[in-house]
Asker: 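Structure in structure tokens, see below.
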Amino acid sequence: MDTKKINLAEQQMPSQWYNIVADMPNKPLPPLNPVTKKPVTQEELSTIFAEEVVKQELSTERYIDIPDEVREIYKIWRPTPLVRATGLEKALDTPAKIYFKNESVSPAGSHKPNTAVPQAYYNYKQGIRRLTTETGAGQWGASLAFAARHYGLDLQVFMVRVSYDQKPYRRLMMQTWGAACTASPSTLTAAGRATLERDPQCSGSLGLAISEAVEMALQHPEDTRYCLGSVLNHVLLHQTIIGQEAVLQMEMAEATPDVVIGCFGGGSNFAGLAFPFLGKNFREGHNMRIVAVEPASCPKLTRGTFQYDLGDVAGFTPLLPMYTLGHDFQPSDIHAGGLRYHGAGSIVSQLLKDGMIEAQAVHQTETLAAGILFAKTEGIIPAPESTHAIAAAVNEALKAKEAGEERTILFNLSGHGLNDLSAYEQYLAGSLRDYTPSDSEIAATVNLLEKII
Ligand SMILES: *Cc1c(COP(=O)(O)O)cnc(C)c1O
């Protein structure tokens, strides 16, 4: 009988995260203070984020030790299985070998706790007692709620009003883990109160929720800090636990991927799986293809501009060099909520600019069809975000069939979709539509950006 799951023992869990900046031929351009346009300092960032997290954000060390106290919590669900998608291979009748890393087995159901846990830990070590953050559909808020609980930290989540009302289950996950989850706009902050005064029925936005979370952290510098769940370098760093494990597991399977695939929102699950393999390309002369897959409705990698832009809609994070659609770009209301971010983060953007990675855009009807095929053949109902990686893996497997080649494909299953079944409901009812923004729509928000490079 062939092996289906390649598992690592707990003792084999990697003890270091991998920082790809150390091996990049061209380092990313520095983050800039949005007011002075000068590179941000450690001190400036430390008013918002924990000090250790800021050090990691600016680090060029190749490996960074994972604290024992973090590995202890990781053990709740890590190491995660590497799975051979034998059912999917059979359905596609492909000579390709398809593997996926199953990050859906975490308590929150996605990869996000991989960074939520260390972020909560470094804040706790610094004597911080309360965290703040924002959340859209709730994946990040739920993951940070789980992590904060383990170090006895309070957490205030600002959840965009419309999601708060329409998506109660992740709010209930946050509350079960003991976090306070408030609809944004709220009366807890000046930004929220001002908005409610103008429009008491305001349904909120991610930008406003960020403003509220950062305002609350800045008001209590003695014991409160803010956390972000994607885009920034330290988030990508923490996620490399995925690829560090997968490298070992692929060796156990005696296989080398020809192509490594991840879906792309702000880049954290993609980077988490792909960077340890890309590092092998840089250091050991491998030539693995590394592919990021974004929604065609929010195509910053394939149709955006390389430019300095704000990391968040509200302008609290530094200006980052990124492929962007402009921070005012309003993505259409596609279901893969976690992939609706306007930009890409400085490391991934530099790698794409230098041709070290590839980007593809796919439509949601195609991705959900691939997700349903995956559910039928592998059993797991994938997160709508993850179906983008599955669709790309299916295309690669079909190309291998056409070429009659036994290629090896590895993709990241970033999460399960059990809290997102409404996307499947719409697909099955035939009411899901694809959307492609026009060139002029993209130009309108890109042209608003100040030209810094
Ligand atoms: C948040 C999320 C994403 C997108 O975020 P990245 O930072 O690009 O990884 C993808 N998949 C799932 C399941 C998510 O929850």
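Whatever order the structure lists ligands and atoms in, that order sets their numbers, starting from 1.
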Asker: Do Tyr424 and Pro382 come within less than 4.5 Å of each other through their side chains, counting heavy atoms only?
Answerer: yes
Asker: Regarding Ser414 and Glu385, is there a side-chain donor-to-acceptor distance under 3.5 Å anywhere?
Answerer: no
Asker: Could you tell me which atoms of ligand 1, counted from 1 in the order shown, lie closer than 4.0 angstrom to a heavy atom of Lys112?
Answerer: 1 (C), 2 (C), 3 (C), 14 (C), 15 (O)
Asker: Which of the numbered atoms in ligand 1 are below 4.0 angstrom from a heavy atom of His111?
Answerer: 2 (C), 3 (C), 9 (O), 10 (C), 11 (N), 12 (C), 14 (C)
Asker: Using 4.0 Å as the upper bound for N to carboxylate O, is an ion pair formed by Glu245 and Lys101?
Answerer: yes
Asker: In this structure, does ligand 1 have an atom that sits under 4.0 Å from one of the heavy atoms of His416?
Answerer: no
Asker: Of Tyr308, Phe306, Phe329, which meets ring-ring contact (aromatic ring centres under 6.0 Å, His included) against Tyr323?
Answerer: Phe306
Asker: Give the atoms of ligand 1, by number and element, whose distance to some non-hydrogen atom of Ser230 is under 4.0 Å.
Answerer: 6 (P), 7 (O)
Asker: Side chain, backbone, both or neither: which part of Ala383 has a heavy atom under 4.0 Å from ligand 1?
Answerer: side chain
Asker: Identify, with sequence neighbours excluded, every residue that meets ring-ring contact (aromatic ring centres under 6.0 Å, His included) alongside Tyr99.
Answerer: none
Asker: What are the atoms of ligand 1, with element, lying closer than 4.0 Å to any heavy atom of Cys263?
Answerer: 10 (C)
Asker: Relative to the heavy atoms of Gly265, which atoms of ligand 1 are at a distance of less than 4.0 Å?
Answerer: 8 (O)
Asker: Side chain, backbone, both or neither: which part of Gln239 has a heavy atom under 4.0 Å from ligand 1?
Answerer: neither
Asker: Any idea which heavy atoms bring Arg171 and Met159 closest together, and the distance?
Answerer: CB-SD, 4.2 Å
Asker: Using a 4.0 Å cut-off to any heavy atom of Gln139, which atoms of ligand 1 qualify?
Answerer: 15 (O)
